[in-house]
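Here is the structure we will look at.
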Amino acid sequence: YRRFRKSAGVCQPRTPPSPLKQRMSLWRRAPTGEKSAGASAFGKGRWISGRSKRPIPTFAFSCDRCGRCCREREDVLLNPADLFRIAKFLNQTPSQVVEHYCECYIGPDSRLPLIRLRPKAYRNTCPFLGPEGCRIHQAKPTVCALYPLGRAYIAPKDKLVYFCQPLTCGSNKKMHTVREWLAAFGLTFADEDSMRWMRLTPRLTLWMLHNESKLRQKERCEIWAHMQNLCYLQYDIQHPFSEQFIRNTDELLQKLPDA
């Protein structure tokens, strides 16, 4: 698009804001007396380190419960902690949740078993979207709970950074801090459960890329089954997730020489 500004009686094109500036326009300065974290080189007060102890900026967002972000979605991947929270919320086993609401496949790049929500046929709607909104709102997947925030894992520094995405629905009527927003869904700023998963997946991917061609089809399927069971499914929802995840992944790594 092209907008124009007047200068000395002449209409001149106005350069539209860059996508980065549009993305960051949702961030606001912290209230008086609270300094912005500015904890990353990606942009002062806009990207926020998951290990920062300093106060953080606020962002503007208000959900209008339109359900738009729950439609035309085929990309909602679950990490093991997501699946565990949903299973606990529904009082089902992780295997039952996968059977009723999910699809499993081997990632073309990661070569690891992945689990995503299986959308309904109509408009690729999330299986948990009901007439009143999200039916698992308090236990929704991390990627859904974060919106309009996004985050990235910076492997060399072993930390999470949070950023604000462009709005595709809702409004910017209400101000929030990142910690407040995460806490509403039972998530923490550092999110150690997700961090453990993010540290593990590169190790598993490298092992598969190095060894997959050496394995027979039966052996590959057996290893993928072990990965799926130990990472995603073999949990008792009556016991804490973290301890079970650590125990399961230790067992998995023992099955994979040099992983």
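What you see is a predicted model, and the numbers here were worked out from it, not measured in a lab.
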Name every donor-acceptor pair, under 3.5 Å, that has one atom in a side chain of residues 111-118 and the other anywhere in the protein, sequence neighbours excluded.
unit_1	atom_1	unit_2	atom_2	d
Arg111	NE	Glu212	OE1	2.9
Arg111	NE	Glu212	OE2	3.4
Arg111	NH2	Glu212	OE2	2.7
Arg116	NE	Glu103	OE1	2.8
Arg116	NH1	Glu74	O	2.8
Arg116	NH2	Glu103	OE1	2.4
Arg118	NH1	Cys102	O	2.5
Arg118	NH2	His100	O	2.7

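For Tyr101, the ring pair (Phe, Tyr, Trp, His ring centres under 6.0 Å) criterion is met by Phe128, not counting sequence neighbours. Every residue two or more places apart in sequence or in another chain was checked for a side-chain hydrogen bond (donor to acceptor under 3.5 Å, both in side chains) with Lys173, and none qualifies. Shown here are the side chain to side chain contact (heavy atoms under 4.5 Å, CB included) partners of Asn79, two or more places apart in sequence or in another chain: Ala81, Asp82, Thr142, Ser194, Trp197. Under the side-chain hydrogen bond (donor to acceptor under 3.5 Å, both in side chains) criterion, Ser213 pairs with no residue, sequence neighbours left out. Scored by the side-chain hydrogen bond (donor to acceptor under 3.5 Å, both in side chains) test, Asp75 finds Arg73 as partners (sequence neighbours excluded).
With hydrophobic clusters built from ILVMFWY side chains whose heavy atoms lie under 4.5 angstrom apart, Leu182 does not share a cluster with Val143.
For Tyr232 and Phe84, the ring centers are positioned 6.0 Å apart or more. Ring to ring, Tyr235 and Phe245 are not that close: their centroids are 6.0 angstrom or more apart.
For Gln244 against Asp236, the heavy-atom pair with the smallest separation is OE1-N, 2.7 Å. Annotation for Val178 and Phe189: closest pair CG1-CE1, 3.4 Å, computed over non-hydrogen atoms.
In this structure, Tyr162 and Leu146 have side chains that are in contact, with non-hydrogen atoms separated by less than 4.5 Å. Contact annotation: the side chain of Phe185 never approaches that of Cys144 to less than 4.5 Å [non-hydrogen atoms, C-beta and beyond]. A heavy-atom distance below 4.5 Å is not found between the side chains of Leu204 and Ser110.
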